[in-house]
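Order of the sequence lines fixes the chain letters, A, B, ..., with proteins taken first and strands second; residue numbering starts at 1 for each chain.
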Amino acid sequence: MSNAVAIAGVGMHPWGKWGRSFVEYGVHAARAALKDSGIPWSDVDLVVGGETVRNGYAGYVAGSTFAQALGWNGARIATSYAACATGAQAIDTARARILAGMCEVALVVGADTTPKGFLAPNAGERWDDPDWLRFRLLGMTNPAYFALYARRRMDLYGATAEDNALVKVKNARHGLRNPYARFRKETTVADVLASPVVCDPLHLLDICATSDGAAAVVLTSVEYARRHGIANPVRVEAVSTVTPTFPNTTIDMPLLSTDSTAVAGAPELTFKEAIGQAAYEEAGIGPEDVDVAEVYDLSTALELDWIEDLQLCKRGEAEVLLRSGETTIGGRIPVNPSGGLACFGEAVPAQAIAQVCELAWQLRGDAEGRQVEGAKVGLTANQGLFGHGSSVLLAV
Amino acid sequence: MTATPVIDGWFTTGEEPHLLASRCIGCSNIVFPPVSSEAGGATSYCRNPTCDGEEHETVELSRRGTVWSYTDAQYQPPAPYVPQAEPYQPFALAAVELPEGIVVLGQVADGYGVADLKVGAEVELVVETLNTDDSGDRTIYRWRPVR
Ligand SMILES: [Zn+2]
């Protein structure tokens, strides 16, 4: 039996710093996705909301908030939180109910309004909280973690700051004509290198911003989609939301150390490799079949790590792919045709859904101005705090 | 003025300081930072999925390791980071792989920057002043390149 469900419609609210309620963005995206699907709101029997946890408080009770804002229609609701993977977990919840025959039409919505200013830990002294201790004892910020990964690539594989900058240049060009992208401006390698170094080797323009935004998908059974006149829908073939396997050998934000490999030995796959591998295995589709990928470029260098983690090339060869234009639209395996986080900035509970929206447009041939010609298989990937990560594999 | 560790039980002081880790009595798995009784029971659960141990003993980690990666903080980190000097002085950070199979993050010793570091290079543990408050110097472990 296939684990596939159909993507009947997708919709987004443009990313930006709009300063309005996340509910407005979410409803905008939800109505766009419903319109795209041609399915009336009254037929939706499940709403899954992606929420965000800000300063320890689950501030957005998302499923019911969106269901109420669209007008109570009696649908069941669920709310997901999985850090950067929130949207994928929400999609997985909807998919599971559809595959179990407990739901026919599910609306999945993620939306965020980012706070003004710098993301800093909660006030007060918390000597048992690693997220507080990393600032108090080490001054270890989020970009410092990204910089560790970037520097390791450079020392091990001979990558350069220019390579990192080239990721930004490529993604900036990809996003130029994406109406949902927040930053739409050509960027040169010189621009990136002229921006201040935040954490060596990363410059300001190597690191993504935070944004407001919303994304939504309408999922149905493949059978329902056909009955509804969508003969050949884009299908969700796999949703991987695996957790790490002990020992976790990469220092993940906000931790101060890895697990020790002394007792169990290093696992065969790193956490990020395992996220992609689980999606391939579930779909029965391999990396050689992937035509386009949307990966989490929190920093430019992280995109290069992801390309290898997803087995789209051998370890240490992502720069070669990048330099030869193979990850640019028109190349062998275009990465982040949407423009990626470089052009969007991160809107946490919406971002994994936005990745899926972009790939749905790509596989339908509707990605105007940034189309990957003939794309049949697309893959998303991201990783966030607390052992969360996801990869969604779509096919048409 | 006295010098006291900014946090209790994480490292020893003196000529040859060591990081202090917790070793599971059941399976010998080592964790750093050490298990804190104040942090509550959940932090004492052994991370090894094949072990249900909750009891630990304190062990010293090796003083020397190799650099897994490194960076620096060109801008002053937000509170609760406490800057030691005005104006702010950037400092370097290193993730260091120890023979115990664990990678530990730390600041790099005063006077050293990213130009002094390389993935795979050897570093050793030192204890230096992190900041100074009413009680005197508050100290922290750091990684110093081995020449
Ligand atoms: Zn144990």
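Of the listed residues (A:Thr261, A:Val198, A:Leu156, A:Thr245), the one with the most heavy-atom contacts under 4.5 Å to chain B is A:Val198. Most heavy-atom pairs under 4.5 Å with chain B, from the set A:Met140, A:Arg151, A:Arg126, A:Glu125: that is A:Arg151. By number of non-hydrogen pairs under 4.5 angstrom with chain B, the leading residue of A:Asn248, A:Thr258, A:Thr249, A:Asp129 is A:Thr258. Among B:Leu98, B:Asn131, B:Val67, the residue with the largest count of heavy-atom pairs under 4.5 Å with chain A is B:Asn131.
Residue contact with chain B, scored on non-hydrogen atoms closer than 4.5 Å, is absent for A:Ala264. Using a 4.5 Å cut-off between heavy atoms, A:Leu255 contacts chain B through its backbone alone, with no side-chain atom that close.
Taking non-hydrogen atoms and a 4.5 Å limit, the residue list of residues 16-34 of chain B in contact with chain A, ordered by number, reads B:Cys27, B:Ser28, B:Asn29, B:Ile30, B:Phe32, B:Pro33.
Within the 3.5 Å criterion, the main-chain N or O of B:Thr71 finds no donor-acceptor partner in the side chain of A:Asp200. Judged by distance alone, the side chain of B:Gln107 and the main-chain N or O of A:Leu138 form a donor-acceptor pair under 3.5 Å. A donor-acceptor contact shorter than 3.5 Å links the side chain of B:Ser69 to the backbone of A:Leu148. In terms of modelled atom types and a separation under 3.5 Å, the side chain of A:Ser260 and the main chain of B:Ile102 share no donor-acceptor contact. Remark: the backbone N or O of A:Phe246 is not paired with any side-chain donor or acceptor of B:Arg47 at under 3.5 angstrom.
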Task: Pair A:Leu133-B:Trp10, side-chain contact (heavy atoms from CB on, under 4.5 Å): steps then yes or no - done: CA-CA 12 Å; A:Leu133 287 169; B:Trp10 282 33; 3.7 Å; yes
Task: Criterion side-chain contact (heavy atoms from CB on, under 4.5 Å) on A:Val263 and B:Thr50, from CA distance to verdict - done: CA-CA 11 Å; A:Val263 169; B:Thr50 65; over 6 Å; no
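Counting heavy atoms from C-beta on, the side chains of B:Val6 and A:Trp127 come closer than 4.5 Å.
Side-chain polar atoms of B:Tyr70 and A:Asp155 form a donor-acceptor pair below 3.5 angstrom.
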